[in-house]
Amino acid sequence: MNDEHYKRLEELVYRLVSSIPEGKISTYKDIAVAAGIPKASRLIGKILNRNPNPIVVPCHRVVRSNGSVGGYRFGTKMKVELLKREGIVINESNMKIVDFNRVRFKLIR
DNA sequence: CGATTGACCGCTA
DNA sequence: TTAGCGGCCAATC
């Protein structure tokens with residue numbers, strides 16, 4: 001994978017994440033699959049970590065595939081707050097999304 | 001160069 | 001159900 005491919009991958013990831021509507025969430029794994037790199041879910045986190053525009057790209061709507069909230073550049077607490085604000089219910093004791101499958105957004109391409 | 005490090009995943013015991 | 005562990009891939013050391 002050269003720089004050109006990688007750059008395109010980043011753009012695709014940001015586009016996919018931006019398509020997640022308010023009140024819905026997706027997972028690092030789902031993004032990886034949609035981006036054509038099903039085994040590189042860790043890479044998705046890495047890309048989102050240096051998200052150039054956190055305001056535009058709602059990267060807080062991306063959680064772990066097991067339903068737990070996962071990490072966030074500005075702290076897990078902030079991520080939880082943002083999600084709650086959008087109507088996502090979170091079990092604070094185990095940091096898991098309540099009704100995980102119900103609020104899961106199906107990515108389009 | 002090789003080793004380590006993440007906003008992770010899935011198998012196995 | 002949970003914890004441990006190997007695998008994954010690019011960046012960083």
Side-chain angles (χ1 to χ4, degrees):
Chain A
M1 179 183 269
N2 59 38
D3 290 350
E4 205 53 40
H5 285 280
Y6 191 67
K7 192 176 172 186
R8 228 173 305 164
L9 173 63
E10 286 185 313
E11 287 172 8
L12 175 57
V13 169
Y14 292 135
R15 190 159 58 74
L16 287 168
V17 173
S18 300
S19 76
I20 306 171
E22 188 174 321
K24 294 272 188 177
I25 51 96
S26 187
T27 73
Y28 297 99
K29 171 65 175 175
D30 287 349
I31 302 284
V33 170
I37 47 172
K39 293 179 186 172
S41 49
R42 288 189 90 154
L43 186 56
I44 304 303
K46 186 177 263 296
I47 291 172
L48 294 183
N49 180 38
R50 30 166 216 278
N51 182 353
N53 40 354
I55 312 297
V56 179
V57 182
C59 50
H60 60 280
R61 296 183 190 142
V62 183
V63 303
R64 285 204 187 208
S65 64
N66 67 357
S68 64
V69 173
Y72 193 58
R73 180 73 198 277
F74 308 107
T76 304
K77 205 152 200 169
M78 175 67 104
K79 188 169 182 178
V80 170
E81 285 310 308
L82 290 169
L83 289 172
K84 282 167 68 177
R85 191 177 306 173
E86 300 184 351
I88 301 293
V89 184
I90 296 167
N91 180 337
E92 304 266 359
S93 67
N94 58 14
M95 296 305 276
K96 288 211 171 188
I97 309 286
V98 178
D99 287 333
F100 178 47
N101 286 296
R102 195 175 58 74
V103 295
R104 204 165 177 172
F105 178 65
K106 280 185 87 68
L107 294 165
I108 326 130
R109 312 184 99 293

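Sequence lines set the chain letters: A, B, ... in the order given, protein chains first and strands last, and positions in each chain run from 1.
- Between the CG atom of N94(A) and the P atom of dT1(C) there is a distance of 10 Å, given to the nearest Å.
- Among dC9(B), dC9(C), dC8(B), the nucleotide with an atom closest to any side-chain atom of R42(A) is dC8(B).
- The shortest distance between side-chain heavy atoms of N66(A) and F100(A) does not fall below 4.5 Å.
- In this structure, L43(A) places its CG atom 12 Å from P of dT12(C), rounding to the nearest Å.
- The side chain of T27(A) has dC9(B) as its nearest neighbour among dC9(C), dA7(B), dC9(B).
- For I47(A) and dA11(C), the CD1 to P distance is 9 Å, given to the nearest whole Å.
- Rounded to an integer number of Å, the gap from CD of E10(A) to P of dA7(B) is 15 Å.
- Contact annotation: S65(A) reaches the phosphate of dG10(B) (side-chain N/O to OP1 or OP2, under 4.0 Å).
- Under the 4.5 Å side-chain heavy-atom criterion for grouping Ile, Leu, Val, Met, Phe, Trp and Tyr, I44(A) is connected to I20(A) within one hydrophobic cluster.
- Within the 4.0 angstrom heavy-atom criterion, base atoms lie near R73(A).
- The side chain of Y28(A) sits closest to dA7(B) out of dG7(C), dA7(B), dA10(C).
- Ranking dC8(C), dC9(B), dA11(C) by closeness to the K39(A) side chain, first place goes to dC8(C).
- Going from atom CG of N2(A) over to atom P of dA10(C) covers 11 Å, rounded to whole Å.
- Atom pair R64(A):CZ and dG10(B):P shows a separation of 11 Å (rounding to whole Å applied).
- The distance from atom CG of L48(A) to atom P of dA7(B) is 11 Å, rounded to the nearest whole Å.
- Follow the hydrophobic side-chain contacts under 4.5 Å out from V57(A) and you never reach I25(A); the two are in separate clusters.
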Next on the checklist: Is there a side chain to side chain contact (heavy atoms under 4.5 Å, CB included) between E92(A) and K84(A)? Walk through the geometry before answering.
Outcome noted: CA-CA 11 Å; E92(A) 304 266 359; K84(A) 282 167 68 177; 3.2 Å; yes

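- Checking dA11(C), dC8(B), dA7(B) against every side-chain atom of R50(A), the shortest atom distance belongs to dA11(C).
- When each of K46(A) and S41(A) is assigned the nucleotide of DNA chain C bearing its nearest heavy atom, the one mapping closer to the 5' terminus is S41(A).
- F105(A) and V103(A) fall into different hydrophobic clusters, where Ile, Leu, Val, Met, Phe, Trp and Tyr residues are linked whenever their side-chain heavy atoms come under 4.5 Å apart, directly or through other members.
- Atom OH of Y72(A) is separated from atom C1' of dC8(B) by 18 Å (rounded to the nearest Å).
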